[in-house]
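First the structure, in the form of structure tokens, and then the observations on it.
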Amino acid sequence: MNRVRFAPSPTGHLHIGGARTALFNYLFAKKYGGTFILRIEDTDELRSTGESVKSIFESMKWLGLNWDEGAMPDGSEKGPFGPYVQSAREAAGVYKKYSEELLKSGKAYECYCTPAELDEMRKKAQLEKRPPKYEGLCRNLTAARKKEFEAQGRKPVIRFRMPDDGVTAWNDLIHKDVKFENKLLYDFIMIKASGYPTYNFACVIDDHLMEITHVIRGDDHISNTPLQINLYTALGWKIPELAHLSMILGPDGTRLSKRHGATSVGEYRNQGYLPQTMRNYLALLGWSTVDSQQIFKEGELEEKFDLKGCQKSPAIFDPVKLNWMNGEYIRGYSKEALLELALPYIKEAGLPVEKGRAPLADIVALEQEKYKLLSEIPGLIKFFFTEVEYDPKAVEKTLKTPDAGKILEGVKGAYASLNVFKEAEIEAATRAFAKAGGFKAGAVFHPVRVAVSGRTEGPTLFRMIEYLGREESLKRLAHAATLI
RNA sequence: GCCCCCAUCGUCUAGCGGUUAGGACGCUGCCCUUUCAAGGCAGAGAUCAAGGGUUCGAAUCCCUUUGGGGGCGCCA
């Protein structure tokens, strides 16, 4: 039985890269009937916040990445391997047990160097063009020397004693063979002076204790991996399978960051992207099927996902393709379902929708094939409910013409005498007027469109007029005539 | 500076020794059409980063170079 985990550190919102890692772990678990675990890595005492935890939960839920085990949004825990929050595990003495074991066996040691001293050493190493790694100054401290340091008020950290020679290698599920020379590795800190574990330590302990079988994470962790492997070995533990996903980069080829625009899942949600879009698009960043399938129906990703289809090279996040995909998903909805999705945005925009004469769902659906983002819906249907804002260019082009006045007047008359004010009748009347007046159909349609909507582009004209209602349409035709 | 990873159309990618190098987004044109979209069709776009090998044959295997990315924290 496969067990995988997503282990975010709650120092901010769930961002695109994290979401992709979570998604791949989730899909891997679903594909092979495994268990997907959520573990909170809040060992950064300074930056971790409860707010972030909440926000990450929300984004995960929105994306539909439900976990089988782990910390739950209501503060409870699910699963037999808890606690699933590292600060709680620390409090329970989980990490101390193993750090002491390693201390006792000599595979770890106490280091009394201060951050300032370490900084100094690093700078010096840089200057002398040596690798800026910790040189193991405190590796063989005598008891007397330790006492001296203690007397100075120094608090020790616990470092892992890295092998001096040999090679650490593994067979990565995505990158194949990766190897590092041990002499280039450094004695990383397992336990900070505060008593808290560091990432490299806590991660290994927890992955082992939680019986994680596959570690799937970003390849920014590749250089941490040999450190962790040595720790597994020192503890005599089995090393899980390792898979390192390629990074997601911004359009300029550098690491995705704030200056590329939205980076958090929440921001995409607010802009009106659908969770299916995000899942589908993110899945395709660094993964593909042999036939390059683009759109995946519900459940299909879970079925088709495979680590074998994962890319080694980094992928550039392309908002244009994201938008296309979101449009695809929006077009797939029934008008009722689309209305449900659009409602929050319509409310947010404060449109007085009660003034509409046609059902709101019909009005929203009128331009369904045009929407790329839910957030752009209010702007496109606004003219149904509020006073028309005439686009000066549209007015110039269609209303400031010799015949416009005649046309608006004539159409108005035709509409006023209509018995049934429905799309088909409106169209028939409009065409009849055009024919009688010797106008080309388009020559009539265009000014009418601008007169009732203020724009040259919009929904199919006669249905739009029907939804607007006779009274409102006549009013707008009259008003438009004054603009000529 | 040191270490590691990566390299196919602008972008996401298929390919895994013999292909007219395939698909998707975007782009261009045509069709449909009252507009914009959507849809349909057609097209442009990749000397497979470069240079060496190996081989009858290389995008596919090996080496070097170049370029890009990541790491080198008492962050994760």
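Residue numbering restarts at 1 for every chain, and letters A, B, ... go by the order of the sequence lines.
- Cation-pi geometry between A/R470 and A/Y415 is not met at under 6.0 angstrom from the ring centre and within 45 degrees of the axis.
- Here A/G286 lies in heavy-atom contact (under 4.0 Å) with sugar-phosphate atoms only.
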Worksheet, complete the sentence: Going 5' to 3' through nucleotides 68-76 of chain B and flagging B where a protein heavy-atom sits under 4.0 Å of the base, S where only the sugar-phosphate is that close, and - otherwise, we get -SSSBBBSB

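- Contact of the A/L274 side chain with the A/I330 side chain is registered, since non-hydrogen atoms from C-beta on lie closer than 4.5 Å.
- In this structure, A/Y273 has its ring center at least 6.0 angstrom away from the ring center of A/Y281.
- On the C1' atoms, B/G18 is 22 Å away from B/G23, given to the nearest whole Å.
- Between the side chains of A/W170 and A/D172, at least one donor-acceptor pair of N or O atoms lies under 3.5 Å.
- We find that CG of A/D291 is positioned 19 Å from P of B/C12, with the value rounded to whole Å.
- None of A/W287, A/F305, A/F6 except one satisfies the ring-ring contact (aromatic ring centres under 6.0 Å, His included) rule with A/F24; the exception is A/F305.
- The ring of A/H208 has its center no closer than 6.0 angstrom to the ring center of A/Y98.
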Worksheet, complete the sentence: Expected string for nucleotides 31-48 of chain B under the B/S/- scheme (protein heavy atoms, under 4.0 Å, primed atoms plus P, OP1, OP2 as sugar-phosphate) is ---BBBBSS---------

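- Separating the CD atom of A/E135 from the C1' atom of B/C2 is a distance of 12 Å, rounded to the nearest angstrom.
- Base pairing analysis places B/C16 opposite nothing; no Watson-Crick or G-U wobble pair with both distances below 3.5 Å involves it.
- Of the residues A/R331, A/K335, A/R455, the one that meets the salt bridge (Lys or Arg N to Asp or Glu O under 4.0 Å) test with A/E367 is A/R455.
- Ion pairing between A/R463 and A/D362 fails under the 4.0 Å rule for side-chain N and carboxylate O.
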Worksheet item: If the sugar-phosphate is the primed atoms plus P, OP1 and OP2 and the base is the rest, what is the B/S/- string for nucleotides 58-66 of chain B, using protein heavy atoms under 4.0 Å?
Response: ---------

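- If you check B/U65 for Watson-Crick or wobble pairing at under 3.5 angstrom, you find it paired to B/A49.
- B/C48 and B/C30 are spaced 34 Å apart, taking the P atom of each and rounding to whole Å.
- Rounded to a whole Å, the CD atom of A/Q293 is 13 Å from the P atom of B/C25.
- If you measure from atom CG of A/L284 to atom P of B/U13, you get 8 Å, rounded to the nearest angstrom.
- Under a 3.5 Å cut-off, the side chain of A/S288 and the backbone N or O of A/S292 do not form any donor-acceptor pair.
- Rounded to whole Å, atom P of B/U13 lies 19 Å from atom NZ of A/K308.
- Distance noted for atom C1' between B/U8 and B/A59: 7 Å (whole Å).
- The side-chain heavy atoms of A/F201 and A/T43, taken from C-beta on, include no pair separated by under 4.5 Å.
- Taking a cutoff of 4.0 Å between a charged side-chain nitrogen and a carboxylate oxygen, A/E376 and A/K372 do not qualify as a salt bridge.
- For B/A14, one of the phosphate oxygens OP1 or OP2 lies less than 4.0 angstrom from a side-chain nitrogen or oxygen of A/Q311.
- The same atom, C1', is picked in B/A46 and in B/A21; the two are 8 Å apart, to the nearest Å.
- Rounded to a whole Å, the CG atom of A/L285 is 16 Å from the C1' atom of B/C6.
- A gap of 11 Å separates the C1' atoms of B/A37 and B/U33, to the nearest Å.
- Comparing the P positions of B/C25 and B/G51 gives an interatomic distance of 33 Å, to the nearest angstrom.
- Going from the C1' atom of B/C12 to that of B/G26 covers 11 Å, rounded to whole Å.
- Ring to ring, A/Y134 and A/Y186 are not that close: their centroids are 6.0 angstrom or more apart.
- The C1' atoms of B/U60 and B/U54 are separated by 13 Å, rounded to the nearest whole Å.
- Between the CD1 atom of A/I316 and the P atom of B/A7 there is a distance of 14 Å, rounded to whole Å.
- Salt bridge absent: A/R159 and A/E110 never bring a charged side-chain N and a carboxylate O closer than 4.0 Å.
- Pair assignment for B/G43 gives B/C27, based on Watson-Crick or G-U wobble hydrogen-bonding distances that are each under 3.5 Å.
- In this structure, the NZ atom of A/K312 is 16 Å from the P atom of B/C4, given to the nearest Å.
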